[in-house]
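Quick notes on the structure that follows.
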Protein chains: 2
Amino acid sequence: MPTIKDVAKYANVSVATVSRVLNKKGYVSKEAEENVLKAIADLNYKPNSVARSLYHKTSKMIGLLIPDITNPFFPELARAVEDVALTYGYTVVICNTDEDIRKEAQYLEALQQKYIDGLILTTNQLSADNYENLGIPLVALDRQFSNRVPTVSSKNYEGARQATEYLIENGSEFIAHIRGPYHVKPADDRYQGFKNVVEEQGIAHIVVDCDFTMASAMEVAQGLFEKYPTIDAVFASSDIIAAGVLKVAKNSNKQIPEDLQIIGFDGIPLGEMLTPALTTVAQPIYKMGALSARLLIKQIEKQPLDVKNYEVKTTIQYRETTRSDA
Amino acid sequence: MPTIKDVAKYANVSVATVSRVLNKKGYVSKEAEENVLKAIADLNYKPNSVARSLYHKTSKMIGLLIPDITNPFFPELARAVEDVALTYGYTVVICNTDEDIRKEAQYLEALQQKYIDGLILTTNQLSADNYENLGIPLVALDRQFSNRVPTVSSKNYEGARQATEYLIENGSEFIAHIRGPYHVKPADDRYQGFKNVVEEQGIAHIVVDCDFTMASAMEVAQGLFEKYPTIDAVFASSDIIAAGVLKVAKNSNKQIPEDLQIIGFDGIPLGEMLTPALTTVAQPIYKMGALSARLLIKQIEKQPLDVKNYEVKTTIQYRETTRSDA
DNA sequence: CTGAAAGCGCTTACAG
DNA sequence: CTGAAAGCGCTTACAG
């Protein structure tokens with residue numbers, strides 16, 4: 001690979017001049033510029049980003065820390081981040097942390113040593129300090145973890161309210177909410193939205209805990225239906241949980257949505273592949289990813305942020321696991 | 001962040017000595033070593049990988065080029081690659097190419113400028129030359145594209161044979177194969193496996209083309225069932241296609257697996273979330289990803305490859321869309 | 001065993 | 001307008 005020296009020699013100028021035309025900065029005569037441009041083309045020269053990194057202490061790379069790309073919520077998010085990163089000339093490094101504090105620390109160290117320009121975080125294991133001390137731009141995605149870092153999340157509370165109201169409008173009288181893990185902000189907010197609506201309207205309800213995995217959802221749903229056979233609707237805190245509920249319900253020969261309505265949360269592609277297709281509170285996942293990448297790049301490039309926190313709207317995706325009596 | 005100079009000053013030695021203890025290479029006195037180690041600890045010094053990259057022309061990063069992380073086959077693959085990369089101290093850059101030659105070229109250029117150490121490719125758009133001229137280690141994953149580059153793939157032909165034989169053993173007498181795109185090696189091999197078995201055994205069959213998307217699968221299946229209502233089994237070239245077939249079949253009130261058996265290919269998590277759960281020819285996806293990462297890192301680290309090409313075995317995952325008369 | 005020096009490929013004051 | 005030089009943070013011959 002040719003270096004800037006080769007170009008300089010070929011164009012009969014100094015490396016400084018080559019650098020100037022490369023960066024379009026500083027004066028350079030028409031003639032010199034033409035020679036340099038020709039040399040670059042002739043030699044098929046590409047500036048070496050490592051050398052640039054060393055000087056600028058910046059890398060044109062951003063890190064995306066997620067719990068696990070294998071969780072169907074994340075691929076679309078990652079895709080969006082990557083798409084906008086590519087547009088702006090950034091490259092993205094994906095880090096699966098498994099919410100494991102040691103892995104997070106290991107990644108952070110590696111990324112820092114590479115002059116990573118910024119981080120998008122969908123994780124809240126390490127305390128906020130660990131990130132803020134890095135001294136690089138951050139964006140929190142899905143979960144807010146410090147009011148000093150810009151955040152992109154969706155209106156979990158409002159979405160949960162709408163879901164619950166919709167089940168009630170459709171005639172359900174005994175609604176179960178299978179909530180996600182405690183201290184995970186979105187799970188808490190969805191729970192709160194559910195609770196407020198059923199209490200305001202005086203609807204019989206039951207809340208049970210669950211992981212965001214299908215296996216635990218099936219176990220929980222099994223127990224729930226045995227104990228409370230008259231439950232006529234489930235609001236699941238995620239689509240994966242809803243998928244588990246659906247499976248158990250069908251195995252127990254419940255008619256869906258006649259005997260039991262089910263509504264999920266997230267809007268992952270899985271939902272529409274199920275039969276019956278899952279009604280869900282859809283988050284604009286791609287948009288959230290894209291928004292967070294833009295927010296991060298703006299900070300990296302020192303542009304002013306007109307909005308610091310985005311709370312995007314959810315929309316109910318009406319499909320086949322709910323009735324529409326309303 | 002402290003640099004090697006700070007450490008040298010603190011330890012009262014030269015930077016050369018610090019570098020020697022960092023790299024455990026060259027002679028250094030017990031005493032000097034201790035001082036340096038203490039300095040490193042006291043200052044919390046981490047060597048800068050960018051500077052190292054510049055000197056060594058290597059980056060401790062590997063690139064993973066995939067068509068689209070949003071396709072459910074890839075997250076698990078990516079996860080595996082990332083897991084083993086982390087183990088060996090490498091970081092992975094994910095590139096969604098959409099099988100678009102311009103995007104691939106753009107990524108290749110960016111990665112090359114960063115001294116990427118090697119590439120795992122699951123794509124075959126660019127001609128082999130474009131990659132081989134990069135002069136860095138490569139591994140082809142899922143699809144072979146040159147006999148000079150180590151490849152990890154699964155026994156698509158054999159898997160397809162087994163699937164077809166299984167459907168026949170279970171009594172199916174008119175089998176449809178919905179194949180994937182032409183010139184995609186795995187799709188071709190699966191087709192070939194299917195064709196050979198039905199012809200050997202003299203079973204009525206029909207083959208139709210399809211993309212690896214659920215939408216096109218549903219369209220194809222719809223047409224297929226209308227034209228040939230007596231089809232009693234479908235071998236789909238991927239699980240996504242199978243999911244589409246399943247949906248259409250259920251909408252047409254076919255009893256599964258009584259009226260119609262369905263078997264997919266891939267073994268993605270979606271399969272078991274469906275109801276009935278999908279029988280499929282499962283590839284060891286995680287293993288394939290891990291294998292390819294190891295194969296790549298071995299090349300990067302100039303270790304001999306005892307095996308250059310891996311063809312891993314598939315296994316039928318018996319679930320609910322097939323009978324088991326056999 | 002150890003340090004001074006050159007070099008990896010760039011960029012940017014500083015002179016001129 | 002242009003070039004020589006220093007510097008980004010390392011590593012590694014080369015002397016000693």
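So that the names make sense, note that chain A is the first sequence line, chain B the second, and so on, each numbered from 1. What you see is a predicted model; the values in this text were computed from it and never measured.
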* Asked: Does the pair B/D188/B/R143 count as a salt bridge with the N-to-O cut at 4.0 Å?
  -> no

* Asked: Under 4.0 Å between a side-chain N/O of A/K57 and OP1 or OP2 of D/dG9, yes or no?
  -> yes

* To the nearest Å, give me how far apart CE (B/M1) and C1' (D/dC8) are. => 14 Å

* Asked: Just by distance, do the side chain of A/S19 and the backbone of A/V15 share a donor-acceptor pair under 3.5 Å?
  -> no

* Tell me which of B/V13 and B/Y115 sits closer to the 5' end of DNA chain C, going by the nucleotide each one is nearest to. => B/V13

* May I ask you to decide if B/N147's main-chain N or O and B/T151's side chain share a donor-acceptor pair within less than 3.5 Å? => no

* Asked: So what does A/K46 touch, heavy atoms closer than 4.0 Å: a base, only the sugar-phosphate, or nothing?
  -> sugar-phosphate

* If the sugar-phosphate is the primed atoms plus P, OP1 and OP2 and the base is the rest, what is the B/S/- string for nucleotides 11-16 of chain D, using protein heavy atoms under 4.0 Å? -> BBB---

* Atom-pair distance (CD on A/E31; P on D/dT2), nearest Å -> 8 Å

* Asked: Looking at residues at least two apart in the chain, or sitting in another chain, which of them share a side-chain hydrogen bond (donor to acceptor under 3.5 Å, both in side chains) with B/S154?
  -> B/Q283

* CG of B/D6 versus P of D/dC8: gap in Å, rounded? -> 11 Å

* For the side-chain contact (heavy atoms from CB on, under 4.5 Å) test, which of A/E132, A/Q299, A/K308 pairs with A/V149? -> A/E132

* Asked: Which whole number of Å gives the distance between the P atom of D/dG9 and that of C/dT2?
  -> 25 Å

Under 3.5 Å, side-chain donor or acceptor atoms of residues 56-72 of chain B against the rest of the protein: list the pairs with distances, not counting sequence neighbours.
| residue | atom | partner | partner atom | Å |
| --- | --- | --- | --- | --- |
| B/T58 | OG1 | B/D117 | OD1 | 3.0 |
| B/T58 | OG1 | B/D117 | OD2 | 3.3 |
| B/S59 | OG | B/M61 | N | 3.2 |
| B/S59 | OG | B/Y115 | O | 2.6 |
| B/S59 | OG | B/D117 | OD1 | 3.4 |
| B/D68 | OD1 | A/R79 | NE | 2.9 |
| B/D68 | OD1 | B/T70 | N | 3.0 |
| B/N71 | OD1 | B/F73 | N | 2.9 |

* Asked: Which residue pairs pass the side chain to side chain donor-acceptor pair (under 3.5 Å) test with at least one member in residues 36-45 of chain A, sequence neighbours excluded?
  -> A/Y10-A/D42, A/K38-A/D42, A/N44-A/K46

* To do: Give a yes/no answer on whether the side chain of A/S53 brings an N or O atom under 4.0 Å of OP1 or OP2 in C/dC10.
  => no

* Asked: Between A/T3 and C/dG9, does any side-chain N or O lie under 4.0 Å from OP1 or OP2?
  -> no

* **Between P of C/dG9 and CG of B/L54, the distance in whole Å** => 7 Å

* To do: Figure out the NZ/C1' separation between B/K5 and C/dA4, and round it to whole Å.
  => 13 Å

* Structure fact -> For A/Y27, the side-chain hydrogen bond (donor to acceptor under 3.5 Å, both in side chains) test, sequence neighbours excluded, returns none

* To do: Compare side-chain N and O positions of B/S49 against OP1 and OP2 of D/dC10 and report whether any pair is under 4.0 Å apart.
  => no

* Note every stem involving DNA chain C: at least three consecutive Watson-Crick or G-U wobble pairs, i with j then i+1 with j-1, with both distances under 3.5 Å. => C:1-3 with D:14-16, C:5-12 with D:5-12, C:14-16 with D:1-3

* Structure fact -> Here the distance between atom C1' of D/dG9 and atom CG of B/L43, to the nearest Å, is 15 Å

* Asked: Choosing from C/dG9, D/dC10, D/dT2, which nucleotide comes nearest the side chain of A/A51?
  -> C/dG9

* **Closest non-hydrogen atom pair, B/A32 against B/V13** => CB-CG1, 4.4 Å

